[in-house]
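Below you'll find the structure, written out as structure tokens, and then a few comments.
All ligand and atom numbering here is 1-based and tracks the order in the structure.
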Amino acid sequence: MNRQQLSRKIIDTCLEMTRLGLNQGTAGNVSVRYKDGMLITPTGTPYELLTEDNIVYVDNNGKHEEGKLPSSEWHFHLAVYQARSDVDAVVHNHSINCAAVSILEKPIPPFHYMIAVGGTDHIPCIPYATFGTHKLAEYVKEGIKESKAILLAHHGLIAAEQNLDKALWLAHEVEVLAQWYMKLLATGLEIPLLNQEEMAVVLEKFKSYGLRIEE
Ligand SMILES: C[C@H](O)[C@@H](O)[C@@H](O)C(=O)COP(=O)(O)O
Ligand SMILES: [Zn+2]
């Protein structure tokens with residue numbers, strides 16, 4: 001895809017993220033790897049107002065094109081691309097249940113086999129750091145090596161995948177898992193978990209299963 005097409009795809013992903021109920025207001029941001037850097041949503045702009053021209057190019061050194069302001073979270077988007085050569089798209093949001101679980105500062109444990117969607121047997125939760133900081137990007141860089149979906153404590157979710165469709169799909173799946181987890185926690189009962197052996201079987205099966213949408 002050329003820059004214009006990728007920019008359109010970023011905007012469509014943002015709009016779909018809102019339609020799916022995964023975001024509100026100007027929260028969240030979306031990027032794709034592009035040339036020696038990435039294309040990313042601008043900061044603080046309602047998705048409905050975005051046009052292809054608003055999407056910002058940021059190079060691998062963090063230098064952005066003049067006259068445009070990239071998302072305040074450009075550091076952690078770049079950190080994801082540096083940490084993982086197997087992903088080319090990043091979605092960040094403040095979806096209700098992911099943000100709620102992130103406040104517990106704990107990973108989502110394997111209460112359901114779909115927890116394996118991120119590539120490990122839990123959805124990690126990285127420590128809190130102020131939005132838009134190098135510190136947050138450092139935490140993201142470590143966390144995303146472990147799983148393609150991570151919770152950001154007291155903040156929200158990051159999902160990284162091979163393309164935007166897959167990244168959005170992953171973000172949606174994790175929001176559903178977080179919703180189930182919140183319901184389970186609300187019962188006050190002990191939550192039975194799948195053991196490591198069962199999760200290892202699913203993780204292996206997931207290597208050859210699933211969405212195969214190429215951009
Ligand atoms: C304060 C921001 O909303 C922050 O939470 C950031 O993480 C976010 O989600 C949206 O920031 P941008 O509009 O700068 O992408
Ligand atoms: Zn955010």
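At the top of the distance list for atom 5 (O) of ligand 1, counting protein heavy atoms only, stands His94 CE1, 3.2 Å. Protein heavy atom in closest approach to atom 11 (O) of ligand 1: Ser72 OG, 3.4 Å. Counting only heavy atoms of the protein, atom 10 (C) of ligand 1 lies nearest to Asn29 ND2, 3.4 Å. Ranking the protein heavy atoms by distance from atom 6 (C) of ligand 1 puts Glu73 OE2, 3.3 Å first.
Between Phe131 and ligand 1, no pair of N/O atoms sits closer than 3.5 Å. Polar contact with ligand 1: present for Gly44 (N/O pair, distance under 3.5 Å).
With a heavy-atom cut-off of 4.0 Å, Thr43 touches ligand 1 through backbone and side chain alike.
A salt bridge links Lys9 with Asp165; the closest basic N to acidic carboxylate O contact falls under 4.0 Å.
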task = Would you check, one step at a time, whether the test side-chain hydrogen bond (donor to acceptor under 3.5 Å, both in side chains) holds for Thr41 with Tyr47?
result = CA-CA 9 Å; Thr41 44; Tyr47 296 146; 5.7 Å; no
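A donor-acceptor pair shorter than 3.5 Å cannot be found between the side chains of Tyr128 and Ser102.
Closest non-hydrogen pair, Leu164 versus Ala89, comes out as N-CB, 3.5 Å.
His94 contributes NE2 as its N, O or S atom closest to the Zn ion (ligand 2).
Ring geometry for His94 versus His92: interplanar angle over 60°, hence perpendicular rather than tilted (30 to 60°).
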